[in-house]
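Reviewing the structure listed below.
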Amino acid sequence: MTDIAEVKRIAVTGKQRMTPSEAFVETLVAQGVQNVFGIVGSAYMDALDLFPAAGIRFIPTVHEQGSAHMADGFFRATGRHGVCIGQNGPGITNFVTAIAAAYWAHSAVVAITPETGTMSIGLGGFQETDQLPIFSRITKYQAHVNNPARMAELTARAFDRAILEMGPTQLNIPRDFLYGEIDCEIPQPIRVERGPGGSASLAAAAELLAQAKFPVIIAGGGVTMANGVDACIALAEALEAPVCNSYLHNDTFPAGHRLACGPLGYHGSKAAMKVLARADVVLALGSRLGPFGVLPQYGFDYWPANAKLIQVDADAKVLGLVKKTSVTVNGDAREAALALSARLKQSTLASAANRDERMSILRTEREAWAKELAGWDHETDSWSLEVAKGSKYMHPRQVLRELEKAMPDDAMVSTDIGNICQIANSYLRFQRPRSMFGAMMFGNCGYAFPTMIGCKVGAPDRTAIAYVGDGAWCMSFGEILTCVREKIPVTAVVFNNEQWGAEKKNHVDFYSNRFLGVNLENPSFAGIAKAMGAEGVRIDKLSDVGEALRSACKAQKEGKTTIVELMCTRELGDPFRRDALKKPTRMLEKYKRYV
Ligand SMILES: Cc1ncc(C[n+]2csc(CCOP(=O)(O)OP(=O)(O)O)c2C)c(N)n1
Ligand SMILES: [Mg+2]
């Protein structure tokens, strides 16, 4: 097999005679693709055959959902396209959940979906389904190759649009269209340069910021996507404005910076919420202010309803969508931050007058939250106290604190959907961007592990850690084999509380502890890991947690994947969706006692 590193990766130039498979593969080369995640299938074997000679690594996965999550993680870690491919029909429908997740993570994933051959469409021959409607609401753009001669053009467009529209796209290819001969020129990638936004809106934003007595910045995911953390820091320092991270984006501003408040949203930082509540002007930088991310937390509605809101986003469609805005700027987060800093240099800042007072509020709130977290060893609701009382296992919060202390500086951490993974938001602190990979707003269990495998492929020199609950782990642990077979070393931290905890919390809060389908009988996850060729450790003593994480991370340098199974009590923190559940009402006699 060709050594990929040695292949010259320059696409052919000028109009040439070639096969559509060659046109497709050469367009991938022109777009800079070096890794494609997928499961092999006859539908695209003619193109797959060329991957090694084109310098493209094909990474076979266990399940196509895993492939698409890996593509998502690859994009989020690198800012470069994540690419996945599969067999027409079932291979492609297996992508769906992960593409929906990538949609809400704003990830430039290109899902390549070979489909039934054109001469048998509609006959129900084999592995046939209409593949465009399925993805129509979870992609930003769908290219359908309607003629083999357009293979390169449409392939290129799927890649260009994923970056332009900041989300997944689909490239749908009737499988017979990979064969034949075409005259074709491989298109060069089209990348638009994004500006800071309109000058009138920037002037209005700068004026509001200059007049602000208590400006607060919310640094959203757009700051990372624009590689704009430095520009955000410079703007925050110019204003001496505290900075909150938007929900699940704990890496958009360095946690150690004197102006950092921590993350908003579910199990976020109370300091961030208390500081934001005092703002008279809020600058949301690169954030859509998603509704779930700004819900009241800890019984506290922190959104400053009377503050003026400046929202900056590269996607015009999210401006003013969720929160009422005073000024909207349709611009790149980095460019806009730089432009605002430049404008503010010429202004007198009202907030300079009360700087010391504001800084003292920030310090007080940060210290109060740090102290509260330090003393918050376990949950204190009566159900949690009851189940933890006789347990020989560890309190989740104490486990999360030990992990935080042992976390390497270069760590990338993905978090799944579950009670313990969400409480982790309080304990995950990062100093640099592209470090936190939450399951974002599609909220699917099973996201974190495959996503982190993709992150590791994109950033092999960084330490890769996935946080996963035991329920979600069972949806995703098959991909251990991908780590082992493909030598992609990752650490999975599995919080084993023997339950689908996040949903069980709703039984506790709303359904009088009528547990149904939430208790889990688990095998030994450490044992399974070993049987699959990885390392596995099972920890039930707090004093062993830090060392287990440290040595698992070290083992990555030797190419080893480790599953650290942490035995946790069944106690449960605040629920996800208190906002969306109601105490039950029953009207029919037979259901009367179900209240
Ligand atoms: C694919 C999918 N199925 C179901 C759910 C509903 N759900 C949300 S959290 C959760 C429980 C997660 O349990 P676990 O992974 O064990 O973590 P824990 O809450 O126990 O910490 C479930 C079933 C979901 N979010 N995604
Ligand atoms: Mg669990």
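Atoms within a ligand are numbered from 1 in the order they appear, just like the ligands themselves. Positions are given from 1, in the same order as the sequence printed here.
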Beyond-backbone contact of Asn522 with Trp473, side-chain heavy atoms, under 4.5 angstrom: no

4.5 Å side-chain heavy-atom contact, Ile92 and Pro114: yes

Amino acids contacting ligand 1, non-hydrogen cut-off under 4.0 Å: Ile417, Gly418, Asn419, Ile420, Gly443, Asn444, Cys445, Gly469, Asp470, Gly471, Ala472, Met475, Asn497, Gln499, Trp500, Gly501, Ala502, Glu503

Ring pair (Phe, Tyr, Trp, His ring centres under 6.0 Å) partners of Phe95, counting only residues at least two apart: none

Smallest separation among heavy atoms of Ser476 and Gly446, with atom names: CB-O, 3.9 Å

Name every donor-acceptor pair, under 3.5 Å, that has one atom in a side chain of residues 502-515 and the other anywhere in the protein, sequence neighbours excluded.
{"unit_1": "Glu503", "atom_1": "OE1", "unit_2": "Asn506", "atom_2": "ND2", "d": "3.1"}
{"unit_1": "Lys504", "atom_1": "NZ", "unit_2": "Gln499", "atom_2": "OE1", "d": "2.7"}
{"unit_1": "Lys504", "atom_1": "NZ", "unit_2": "Asn519", "atom_2": "OD1", "d": "2.6"}
{"unit_1": "Lys505", "atom_1": "NZ", "unit_2": "Asp509", "atom_2": "OD1", "d": "3.3"}
{"unit_1": "Ser512", "atom_1": "OG", "unit_2": "Val595", "atom_2": "O", "d": "3.0"}
{"unit_1": "Arg514", "atom_1": "NH1", "unit_2": "Val595", "atom_2": "O", "d": "3.1"}
{"unit_1": "Arg514", "atom_1": "NH2", "unit_2": "Tyr594", "atom_2": "O", "d": "3.4"}

Ring centres under 6.0 angstrom apart (Phe449, Phe477): no

Validation row: Cys261, Trp369 side chains within 4.5 angstrom (heavy atoms): no

The Mg ion (ligand 2) neighbourhood, protein N/O/S only, threshold under 2.8 Å: Asp470 OD1, Asn497 OD1, Gln499 O

Tyr591 atom OH: more than 12 heavy-atom contacts under 6.0 Å: no

Tyr247/Phe292 aromatic ring centres below 6.0 Å: yes

